[in-house]
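A short write-up of the structure that comes next.
To find a chain, count down the sequence lines: A is the first, B the second, and so on, and within it residues start at 1. Computed from a predicted model, the values in this text were never measured in an experiment. The figures here come from the full heavy-atom set of this structure, side chains too, leaving out hydrogens, waters and symmetry mates.
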Amino acid sequence: MAKEITLHIDGQPVTVPEGTKILQAAESIGIEIPRLCYFEGLPASGSCRLCLVEIEGQSRLAVSCTQRVKEGMAVLTASDRVLRSRRFILELIWSTHDGDCTTCEKAGACDLQRYTYDLDVDKEKYGLYAPDEIPSDLGDPLLERNLRLCILCGRCIRACREKSQGILDFMERGMSTIVTTSLNRPLAESGCDFCGSCIEVCPVGCLVERDRKLRGREWEFESVETLCGHCNLGCTQVIDLAHGEIVRTRPGADGYLCVRGKFGWDYLSSDDRLTAPLVRNGDSLQETTWAEALARAAEGLAGAGSVAGLVGPNVTNETVKAFGELLATSFGSQDVGFTGGGVPFGALSTFGGLKALAGVGDVEKAKKILAIGPSLAEGFPRARLAIKRAVDAGAKLIVVDPNESELAAIATLHLKPKAGAEAALLTAIGKALVDGDLHNAEAEGVAEAIPAIRELGVPDAGVSPEAIAEAAKLFAKGKGVVVSSALTCDVLSRSAGLLMLTGRKKGALLPLHPSANPWAGVLLSAGASGDGAKGIYALGTDPVAAGEPPNADFLVVQDLFLTKTAEMADVVLPLRAFAEEEGTVVGAGGKLIAVNAAAPSDLPANWQILADLADAAGKPLPYKSIRDVRAAAKETISAVKGSLAFPSMNGAGDSEELRPYERFELPEPSWVARSQIRRGGSAAGVSEAKEEVAA
Amino acid sequence: MAGVAGSEATTISAAELTERLAPILAEYAGKDGAVISLLQDVQEEFGFLEPSAMTDVADALDLPVSHLYGVASFYSQFYFEPRGKNVVKVCTGTACHIRGAPAIQARLEEQLGIGPGETTADLKFTLETVNCVGCCALAPVVSINDRVLNRREQRKLKGWIQTERAEEPTSQEGAS
Amino acid sequence: MSTATEVICAPQQALEALRAFAADGMCGRCIPCPIATRQSIAMLERITSGEGEAVDLDRLTRVSTELIDAARCPKGEEAAKKLGEALASPEFARHVEGICGSGACAALTRYRVIPERCTMCGACQEACPRDAIEGDPFIAWRGDNKPYVIRLEKCDGCAKCVAACPADAIERVT
C-alpha cells in the first residue's frame with residue numbers, strides 16, 4: 001500500500017498516494033490546473049509552463065505536472081502571481097499562433113481557445129510574428145500538419161514514441177525550433193504508420209484529419225462508441241457524425257487505433273456499396289424490391305433440395321445465430337460453415353474453450369509472451385503496442401519468425417525456424433518442457449498426455465537444441481500468453497498444447513485475425529463442407545476470392561459489395577457492415593461484448609433481413625427482436641465448453657508443401673481496395689504477409 | 001527548414017558504409033550519453049551525417065532516428081548534406097564589411113553559382129559567411145578550409161576556382 | 001547596419017545581448033522563452049530603428065518581469081533579469097521619443113544647432129542634403145539675425161552639417 005500524503009490545494013485538503021503529482025492531486029478534487037504539454041498517460045515534460053503554481057514557503061513557482069506532493073504542502077493554483085504568469089504565456093503563444101478561431105477545425109475543442117477565454121487573455125498583446133517560411137500544410141496524406149499553429153508543446157512527439165514509431169522530435173534550436181520528422185521528410189517516408197495518435201493529443205488545430213475538414217464544428221458532432229471491426233483485437237472506436245455522416249473516428253478510453261481503425265472507414269460510404277437487392281435475369285443482375293428478392297431467394301433455396309450456408313467473420317453474433325437458425329428452421333440444413341478464411345477455429349475447442357481466449361489486456365499484463373508468425377507488428381499494431389508495453393514492464397518475449405522484425409529486435413529470444421517449420425518448433429519446445437520437467441504436472445489433462453509427448457521424435461525445425469531448451473525454460477512459468485498471426489491448425493493446436501502443459505488456461509491464447517468476430521463460428525453446430533449442396537447461401541464471405549468457387553444450382557449472396565461470388569449469384573442481398581450494426585461479438589475470455597450501430601445505414605438490420613427471408617419461406621424464426629437473438633446466442637456460447645482432450649502435438653495435419661507464408665495468407669477483405677488507406681494513404685496498416693523468407 | 005535540407009541517395013555502398021561505421025560503433029558500444037561524440041566521429045568519417053549511417057547508429061543505440069536528428073540539428077557543428085572539398089568562408093564582420101566583403105561575397109556567389117550555406121553540385125565548393133574570425137588587420141578575410149588567403153591568393157581566387165573546377169571530379173572525402 | 005560609430009546605446013546593448021542569447025544559449029525547448037526572446041528582439045529592433053512605441057516599453061518590461069517565473073531554466077531567467085536591468089536606463093524612453101543620444105542608432109541620430117555658437121554662415125544649410133536647416137545668413141547691419149535651426153523631423157543624422165560647420169556649433173541631440 002503506497003504511503004498517503006495529505007496536502008492543501010487552494011485551501012482544500014486532499015489525500016493522495018505518495019508520488020502523485022500536484023496537478024493530478026488537484027484534478028482529484030475537481031481543480032483543473034491549465035496545461036498544454038501535460039497529457040495523462042504520456043511522460044510529463046514541464047515545458048509549457050502553464051501549470052505553474054505557488055507553494056507556500058517557496059520563492060519560485062512550481063511545475064505542478066512534474067512536482068510530487070509533499071506532506072503539509074499548501075498550494076495556490078490561481079494566485080495573482082500565477083495568473084499573471086499564465087496570461088503572459090498565453091499572450092506569447094498567440095503571438096506565434098497564426099490561426100483564426102472563426103474557421104479553425106479545432107474551435108470548441110481547443111485548449112488554447114478555452115484558456116484564452118477563461119483567463120480573458122489579450123491575443124493581440126504582442127502582435128503576430130510568424131515568418132512566411134513556416135509551412136501551413138506539409139502535404140502528407142490522411143492528416144494535415146499546419147506548423148503555423150504548432151505551439152511546440154511536444155505532446156505529439158511523446159505520443160508517437162509511447163504508442164507508435166517515434167518519428168517526431170524537436171528539430172533545430174532556439175527560435176527556429178520546430179516539431180517534425182528527421183530531415184523534415186514526409187510522414188510516409190519517415191516510418192509513420194498513420195495511427196493518428198499524434199492527432200489525439202494535439203491541443204490545438206495543428207494536426208487535423210483531412211477528411212474531417214469543413215465537415216462540421218466540434219459541438220455539432222454526435223459521437224457513438226463501438227468496437228473497431230478491422231481485426232479481432234476490438235479496440236474501442238468512437239465515431240463522430242455530422243448531419244448523419246461519418247466525419248472522423250477516434251480511439252476510446254483504451255487510447256489507441258491503428259491506421260485501419262483511424263482512417264479505414266471511408267469504404268462504408270463507397271459508391272460501390274450494394275444498397276438494393278438484385279436478382280438474376282438471364283446474364284445480368286437487376287435491381288428489384290426486397291419482397292421480390294426475398295421471395296425468389298426463398299423459392300430458389302427451398303427448391304434446391306440440399307442447402308448449405310457459408311458465413312464470414314465480419315458480422316455480429318446475432319447475424320451468425322440468425323443465419324444458422326434460418327438454415328436450420330427454414331431450409332432444414334445443419335450444413336453451415338463459418339469461413340474465417342481458412343482459420344481452424346476447431347483448434348480452440350480442444351483447449352479450455354473460449355475462456356482461453358486472451359485480449360490485449362492479458363498481453364499487457366503478461367510476464368512471458370510467445371509471439372509467432374509474420375508481420376505481427378505491422379499487421380496488428382495494437383498487438384505490437386501491447387507486447388511493447390509488456391516488455392517495457394519487464395516481460396520476457398520469445399519471437400518465432402524466420403525473419404528479422406521489429407518484435408524480434410526487442411525479444412529476449414528470437415527463434416528462426418526453417419520455412420514452414422513453426423509448428424514443428426512448437427512441438428520441439430513442448431517436448432523440451434516435458435523432458436526438462438518444466439511442465440506443470442498438476443495442470444488439468446496434462447498427466448495423461450505426458451507419456452505420448454515423451455515418445456515424440458524431436459522434429460528438425462532448423463533451431464538448435466540449446467535455443468529450444470532455453471525457450472522452454474524461459475516460457476515455463478509466470479503469467480504467459482501466446483500471440484499468433486500464424487493461423488493454421490497445427491500452429492494453433494500446438495500453441496494451445498504449450499499453454500496447457502504450463503498450466504495456463506484462461507486468457508492465454510490470442511490468435512490474431514483481420515476480422516471483427518472470428519470466434520462466432522462457435523454459434524454454429526457443425527462444420528460445413530458444402531459438398532453436394534445444391535443451394536448455397538453465402539453471407540459476408542467471398543469463396544471465389546478465397547479460391548473455392550461455390551458449385552451450386554442456386555446461389556444467394558449477401559455482402560457489402562458486388563464481389564466475384566456475388567457476380568455469380570441468382571439473388572444478391574445487401575449486407576449491413578459491421579460498423580452499422582448493433583449487436584455483440586465474442587471477445588476475450590469468451591465474453592460477449594456489445595457493439596453499437598455507429599455508422600448510418602438505410603438497410604434493415606442483418607438479423608431482420610434473415611428473419612424476413614424465413615418469413616418468405618413460410619417458416620419464420622423464433623425471434624421477435626434482436627434481444628431474442630442475443631439471448632439465443634448467449635445460450636449457445638455458454639454451452640460451449642472446451643474439451644479436456646490434449647491438443648495434437650505431432651505431425652498429423654501438417655502440410656509443408658505451400659510456401660510458409662502462403663499458408664498464413666488470408667484473402668483480402670473486400671473493403672480494402674475501396675479505402676483511401678490502400679489507394680492513396682499508407683498501406684502500413686494492412687497486413688501483407690508476403691515477405692520472402694530468408695533461405 | 002533552414003539548415004536541415006538533407007541529401008539524396010549516397011554514393012557509398014552499403015557494405016562500405018557498414019565497414020567504415022563499425023569501428024565507430026564499437027568504440028561507443030555500451031557507453032551512455034555518448035551520442036554527440038559518436039555523431040562527431042560519424043561526421044569526421046563521412047564529411048557529414050550520412051543518412052544511412054544515422055539509421056545504423058540509431059539501431060545500434062536502440063534510439064529512434066528522430067531523436068538523433070533532434071540532437072544533431074540542435075548543434076550548428078553538424079551538417080546534413082555533403083560538404084565541398086573546398087569550404088570557402090567570407091568574413092562579414094564589421095572591419096571586413098567596410099573593406100568590401102559584400103562585393104567579394106557577391107562575386108563568389110556568381111562564379112560558384114551557389115548562395116551562402118550551399119554546396120556546388122560537383123561537391124567541389126561550399127560557400128559560407130562567418131562572423132569575425134579575429135584577423136581584422138587582414139580584412140577583407142577569405143579562407144579556404146580555414147586557411148586565410150593572403151593578398152596574392154585573393155587576387156588570383158577567380159582563376160584558382162576555374163582550375164579546381166576543371167580537374168577530375170572529386171570523390172567525397174572527410175572534411176579536412 | 002544600425003551602428004553608425006563604435007558607440008553603443010542601452011537599447012542596442014540590450015538587443016545585442018538578446019541576439020547573443022538567442023544564437024547561443026537559448027535552447028528553445030520550453031514555450032515561453034523562445035517566443036519572449038523573439039518578440040523582445042523584434043521590439044528592440046523597432047526601438048533602435050525609430051519605430052518603437054510606448055507600448056513596446058510596457059511589453060518589454062512585462063517580459064523582463066514575467067519571464068523570470070515563466071522560463072524553464074536559469075539561462076532564461078538571467079536573460080530576463082539582464083533585460084530588466086537594461087530597461088532601467090532612460091535611453092529607452094528617449095528612443096521612443098525619437099532620439100538616440102549616443103548616436104549609436106543612425107535612424108535616431110539627430111543634430112541641433114547650438115544657438116550661442118552659430119555664426120549664421122550658412123555652410124550647414126548648403127551641406128544639408130535633406131533641406132532640413134532653416135535660417136538666413138548673417139547680415140551685419142540687421143539686428144534680428146537668428147541662429148540656424150535644424151528641423152528634427154527632416155534631419156536624418158547624416159552629420160554633413162557637423163563637418164561643414166566652422167564654428168563647432170552643431171551637436172548631437174541627446
Side-chain angles (χ1 to χ4, degrees), chain A residues 35-38 45-54 58-63 66 79-97 112 122 124-131 150-155 157 169-179 203-204, chain C residues 14-47 49 51-81 83-84 87 96:
Chain A
R35 84 295 296 264
L36 285 167
C37 71
Y38 174 81
S45 70
S47 59
C48 76
R49 317 292 295 171
L50 210 57
C51 73
L52 293 174
V53 294
E54 213 173 321
Q58 282 187 22
S59 56
R60 306 194 58 187
L61 295 180
V63 181
T66 54
S79 67
D80 284 343
R81 181 177 169 198
V82 164
L83 291 178
R84 261 200 329 266
S85 186
R86 237 171 245 165
R87 287 200 179 91
F88 174 62
I89 296 167
L90 290 167
E91 287 161 6
L92 287 177
I93 292 175
W94 275 112
S95 77
T96 63
H97 187 78
L112 177 62
D122 178 4
E124 319 291 321
K125 186 72 163 234
Y126 286 94
L128 185 66
Y129 184 108
C150 175
I151 60 167
L152 300 175
C153 68
R155 277 186 187 174
I157 299 172
D169 209 327
F170 290 108
M171 302 290 172
E172 304 274 340
R173 68 176 295 156
M175 301 181 321
S176 313
T177 305
I178 62 168
V179 173
V204 295
Chain C
L15 175 57
E16 289 311 312
L18 276 177
R19 278 187 180 142
F21 174 55
D24 211 10
M26 199 254 294
C27 69
R29 297 296 189 259
C30 77
I31 286 184
C33 189
I35 307 177
T37 306
R38 180 160 58 193
Q39 295 300 49
S40 302
I41 288 175
M43 284 187 275
L44 287 167
E45 281 173 350
R46 278 206 298 278
I47 287 171
S49 59
E51 290 156 30
E53 296 170 359
V55 68
D56 288 327
L57 296 186
D58 291 337
R59 291 175 181 151
L60 281 168
T61 306
R62 194 163 146 81
V63 167
S64 72
T65 47
E66 293 305 326
L67 192 58
I68 296 174
D69 270 344
R72 189 184 190 187
C73 74
K75 279 196 170 146
E77 261 185 64
E78 264 315 297
K81 285 188 179 143
L83 177 62
L87 284 169
V96 167

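- Around the CG atom of D24(C), the shell of radius 6.0 Å holds no more than 12 heavy atoms that belong to other residues, nucleotides or ligands.
- Looking only at distances, no side-chain donor or acceptor of E66(C) sits under 3.5 Å from a matching main-chain atom of F88(A).
- The contact between R60(A) and chain C is made entirely by side chain atoms (from C-beta outward), counting heavy-atom distances below 4.5 Å.
- With hydrogens and angles ignored, the 3.5 Å screen pairs a side-chain donor or acceptor of R59(C) with a backbone N or O of K125(A).
- The contact between L92(A) and chain C is made by backbone and side chain atoms together, counting heavy-atom distances below 4.5 Å.
- When the candidates M43(C), R38(C), M26(C) are compared by the number of heavy-atom contacts under 4.5 Å with chain A, R38(C) comes out ahead.
- Counting heavy-atom pairs closer than 4.5 Å to chain A, the top residue among T37(C), I41(C), V63(C), D58(C) is V63(C).
- Residue R86(A): no heavy atom, backbone or side chain, is found under 4.5 Å from chain C.
- A salt bridge does not link K75(C) to E78(C): none of the charged nitrogens lies less than 4.0 Å from a carboxylate oxygen.
- Of the listed residues (G174(A), G154(A), C153(A), S45(A)), the one with the most heavy-atom contacts under 4.5 Å to chain C is G174(A).
- Ion pairing between a basic and an acidic side chain is recognised when a charged N comes within 4.0 Å of a carboxylate O; E91(A) and R87(A) show no such pairing.
- Both the backbone and the side chain of A70(C) come within contact range of chain A, judged by heavy atoms closer than 4.5 Å.
- Chosen from S85(A), S95(A), S47(A), the residue pairing most often with chain C at heavy-atom distances under 4.5 Å is S47(A).
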Working for side-chain contact (heavy atoms from CB on, under 4.5 Å), residues V82(A) and L52(A): CA-CA 7 Å; V82(A) 164; L52(A) 293 174; 5.7 Å; no
